[in-house]
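So that the names make sense, note that chain A is the first sequence line, chain B the second, and so on, each numbered from 1. Quick caveat, the model's predicted, so the values are computed rather than measured.
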There are 2 protein chains.
Amino acid sequence: MSGSPGETYERPHRPPRPEGAPAADRRSGIREAALRLFATQSYRSTTMTDIGAVVGMRGPSLYKHVASKHELLAEIMIGTMEQLIADNTAAVAGTDDVREQLRRSVEAHIRYHARHRLEAFVGNREIGSLEQPDQDRVLARRSDYERRFRELIERGMAERAFGVQSARIASYSILDMGIGVASWFREGGEFTVDQLAYQYGDIALRIVGVRTPDVPGGDQ
Amino acid sequence: MSGSPGETYERPHRPPRPEGAPAADRRSGIREAALRLFATQSYRSTTMTDIGAVVGMRGPSLYKHVASKHELLAEIMIGTMEQLIADNTAAVAGTDDVREQLRRSVEAHIRYHARHRLEAFVGNREIGSLEQPDQDRVLARRSDYERRFRELIERGMAERAFGVQSARIASYSILDMGIGVASWFREGGEFTVDQLAYQYGDIALRIVGVRTPDVPGGDQ
DNA sequence: CCTACCGATCGGTAGG
DNA sequence: CCTACCGATCGGTAGG
């Protein structure tokens, strides 16, 4: 729930290149640098000079590897949504039980937001920075992703496994609490990613009305 | 959970001033215009010319009413946190029951995020755009606000009214799902602000392990 | 409240 | 991969 992920960078004149770094890694190195800078300074405030400095070249030299600054943002954001959708597909594949599918969906959601904090953070803050047609591409994938959770909850309702006042609000609340994880989670803190995922799985089940241990006054 | 709040503006050459608008309203009009533009285009992408166009003057003329563009952002963000804290103080004042205090705190949280979507949206996205000492001022108020929820949950645990694995995660999940409301809520949609607040109050109670109607299979 | 304008910044291109 | 540089933008000031 705090501000943007904070790190510090140095920006020497002609520096941090491992000399003989394979040209193939160039592009992914640039993407990683861009991601870090977009997350900490915002897309708009990050300059090509900034990105270049991290990977050890001048701003204009980046155009040998990428078409534009916007392309870097679009790749990050579309890749993020594709990964979330793929993870969700894998999560629900292993079982037919709607409770277990919800738990696994939420755990995958949390795991992604904890392990790929920067991607998730940028993905949620920079939607307005995307130009068309990339913005629509990302929004379409977001709708798809949201729909999976809503329909899962609706199925749980139909099977009388879940009980909520509104499947839409239940799904938003579950998704939004996961999104929040990208803002405050830090590896090496009080909880591991796995512990976090499990706890949020429990919380999601409680939201849809499934009984979980740790009820008030003991585990009855 | 969608993108930024979308509206459209016109930017005529010398336009939308009600002619004899009281000079006292000038400043608040400018703040409102800035808020809308910061929310839809981001702080960084909003120019003084943009803001001036909304209130019917040239960019440089704004400096007769405000000290800087940054001052507008800082006022919005500090004001947002102060209001949230004041609302929370009022919310817990009317009762001693920890369940009822949590419900009212969450309802106030949701109400603010639904009624002041733009403030909340900007308040959560533009923290990194704030310069010191304003950023620290806002972060200090955020910590205060978060602590209120965490300590309330801890009290509920001590009184055996609540049962959670981690008060910190429970409070983050509750706060974060409320923050999400600012992204997707639209007045005139499926739910009124009051209905929304009530439903989230229920969800929060479920998260902390308090039984609520609409359990699976009827209301038990 | 306006025009003129300063000083600085930035994405991207040219042409090695 | 670099330097030089274009064209455009922007916050803010000067001086009415």
Taken to the nearest whole Å, CD1/Ile51(A) to P/dG11(C) is 8 Å
Side-chain atoms of Met57(B) come closest, of dC1(C), dG12(C), dT13(D), to dC1(C)
The residue, Ser68(A) or Gly59(B), whose nearest nucleotide of DNA chain C is more 5′ is Gly59(B)
Are Asp202(B) and Arg206(B) within salt-bridge range, i.e. N to O under 4.0 Å?
-> no
Measure the acute angle between the ring planes of His116(A) and Tyr112(A), then classify it against the limits of 30° and 60° as parallel, tilted or perpendicular.
-> parallel
What nucleotide among dC1(D), dG11(D), dC1(C) has an atom nearest to a side-chain atom of Lys64(A)?
-> dC1(D)
Measure the spacing between CD1 of Ile51(B) and OG1 of Thr46(B) and express it to the nearest 0.5 Å.
-> 6.0 Å
Lys69(A) atom NZ is separated from dG12(C) atom C1', nearest whole Å, by 12 Å
Return the value, rounded to whole Å, for the distance between atom CZ of Arg44(B) and atom C1' of dC10(D).
-> 9 Å
Between atom CD in Glu71(A) and atom C1' in dG11(C), what is the gap in whole Å?
-> 14 Å
Can you figure out which of dC1(D), dC2(C), dT13(D) approaches the side chain of Tyr63(B) most closely?
-> dT13(D)
Paired with dG15(D): which nucleotide, if any, by Watson-Crick or G-U wobble criteria at under 3.5 Å for both distances?
-> dC2(C)
Whole-Å distance between dC10(C) P and Tyr43(A) OH?
-> 13 Å
dT13(C) P sits how many Å from Leu62(A) CG, rounded?
-> 13 Å
Here the distance between atom C1' of dC1(D) and atom NE2 of His65(A), to the nearest Å, is 8 Å
Parallel, tilted or perpendicular: ring planes of Tyr172(B) versus Trp184(A), cut at 30 and 60 degrees = tilted
The side chain of Ser61(A) lies closest to which of these nucleotides: dT13(C), dT3(C), dC2(D)?
-> dC2(D)
Does His70(A) put a side-chain nitrogen or oxygen below 4.0 Å from OP1 or OP2 of dG12(C)?
-> no
For Pro60(A) and for Ser45(B), locate the closest nucleotide of DNA chain D by heavy-atom distance; then report the residue assigned to the nucleotide nearer the 5' terminus.
-> Pro60(A)
Among dC1(C), dC2(D), dT3(C), the one nearest any side-chain atom of Arg26(B) is dC1(C)
Rounded to whole Å, CE of Met48(A) lies from P of dA4(D) at a distance of 20 Å
Considering only NZ, NE, NH1 and NH2 on the basic side and carboxylate oxygens on the acidic side, decide whether Arg104(B) and Glu100(B) come within less than 4.0 Å.
-> yes
